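All remarks here apply to the structure that follows.
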Amino acid sequence: ALETQKVTMVKEKDDAVDATTKEYEEKIQSLNETMEKKIEDLTSESNSKYEELQKENDEALSKLQLELDTKMKEYEEKIQSLEQTVTESYSKEHLDDAVEKALETQKVTMVKEKDDAVDATTKEYEEKIQSLNETMEKKIEDLTSESNSKYEELQKENDEALSKL
């Protein structure tokens with residue numbers, strides 16, 4: 001009778017351990033699934049924000065390029081207009097050396113002014129692009145840091161939950 005009772009008690013203890021083990025394994029599985037889902041959500045959110053920043057940067061670059069192209073076209077049109085006006089006003093046969101030199105000097109001056117304006121505009125756009133790139137890099141670093149912090153927090157919660165189990 002004692003042997004039967006001992007066997008019964010051992011079986012009950014084993015059943016209790018098995019039930020508790022199963023319960024903890026289910027809790028661990030649930031915690032792992034929750035953590036994986038949160039990591040997926042963070043990754044998706046981070047990727048979406050990166051794509052949004054990249055789109056903003058591309059749009060800003062396109063706008064800057066369009067502005068530069070427009071200014072370049074304006075300067076080219078001014079030069080062509082001046083050349084046409086000079087050609088219409090004076091026939092080449094009647095221009096003396098002094099007038100020819102004056103027109104050439106004016107043309108050189110205008111080309112230099114155009115080049116200076118293009119250089120200034122290009123520098124301005126390069127600075128704007130640099131600023132946009134720095135802003136995007138900062139935002140990406142912030143998103144990465146936030147994502148890493150959330151991951152570490154989830155990992156810590158998981159580790160604490162595992163240690164409780």
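Not measured: the values here are computed from a predicted model. Numbers for residues simply follow the sequence, beginning at 1.
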query: Can you check whether Leu42's main-chain N or O pairs, donor with acceptor, with Ser46's side chain at less than 3.5 Å?
result: no
For Ser30, all residues meeting side-chain contact (heavy atoms from CB on, under 4.5 Å), sequence neighbours excluded: Thr34
query: Out of curiosity, Leu162 CG to Asn32 CG, how far, rounded to the nearest 0.5 Å?
result: 6.5 Å
query: Counting distance only, does the side-chain N/O of Thr70 pair as donor-acceptor with the main-chain N or O of Leu66 below 3.5 Å?
result: yes
- prompt: For Glu152, what residues pass the side chain to side chain donor-acceptor pair (under 3.5 Å) criterion, not counting sequence neighbours?
  reply: none
Salt bridge (charged side-chain N to carboxylate O under 4.0 Å, His left out) against Lys27, all qualifying residues, sequence neighbours excluded: Glu23
- prompt: Just how far is it from atom CG of Asn158 to atom OG of Ser163, taken to the nearest 0.5 Å?
  reply: 10.0 Å
field: side-chain contact (heavy atoms from CB on, under 4.5 Å) involving Glu137 - partner list, sequence neighbours excluded
entry: none
message: For residues Met72 and Leu64: do they belong to one hydrophobic cluster (side chain heavy atoms under 4.5 Å, members Ile, Leu, Val, Met, Phe, Trp, Tyr)?
response: yes
- request: Applying side-chain contact (heavy atoms from CB on, under 4.5 Å), name anything that partners Glu146, two or more places apart in sequence or on another chain.
  value: Glu45, Lys150
query: Would you say Glu56 and Glu52 make side-chain contact, with heavy atoms under 4.5 Å?
result: yes
field: Under the side chain to side chain donor-acceptor pair (under 3.5 Å) test, residues paired with Gln29 that sit two or more places apart
entry: Glu33
message: Lys71: which residues meet the side chain to side chain donor-acceptor pair (under 3.5 Å) condition with it, sequence neighbours left out?
response: none
Enumerate donor-acceptor pairs with a distance under 3.5 Å from any side-chain N or O in residues 2-16 to protein atoms, sequence neighbours excluded.
residue	atom	partner	partner atom	Å
Thr8	OG1	Thr4	O	2.7
Lys11	NZ	Asp15	OD2	3.2

- request: Applying side chain to side chain donor-acceptor pair (under 3.5 Å), name anything that partners Gln65, two or more places apart in sequence or on another chain.
  value: Asp69
message: Does atom OH (Tyr151) have a neighbourhood of more than 12 heavy atoms from anything else shown, all under 6.0 Å?
response: no
query: Under the salt bridge (charged side-chain N to carboxylate O under 4.0 Å, His left out) test, which residues partner Glu126, sequence neighbours left out?
result: none
query: Considering residues at least two apart in sequence or located in another chain, which fulfil the salt bridge (charged side-chain N to carboxylate O under 4.0 Å, His left out) criterion with Asp142?
result: Lys138
query: With side chains defined as the heavy atoms from C-beta onward, is the minimum distance between Val17 and Thr21 less than 4.5 Å?
result: yes
message: Tell me every residue that passes side-chain contact (heavy atoms from CB on, under 4.5 Å) with Glu59, counting only those two or more places apart in sequence or in another chain.
response: Lys55
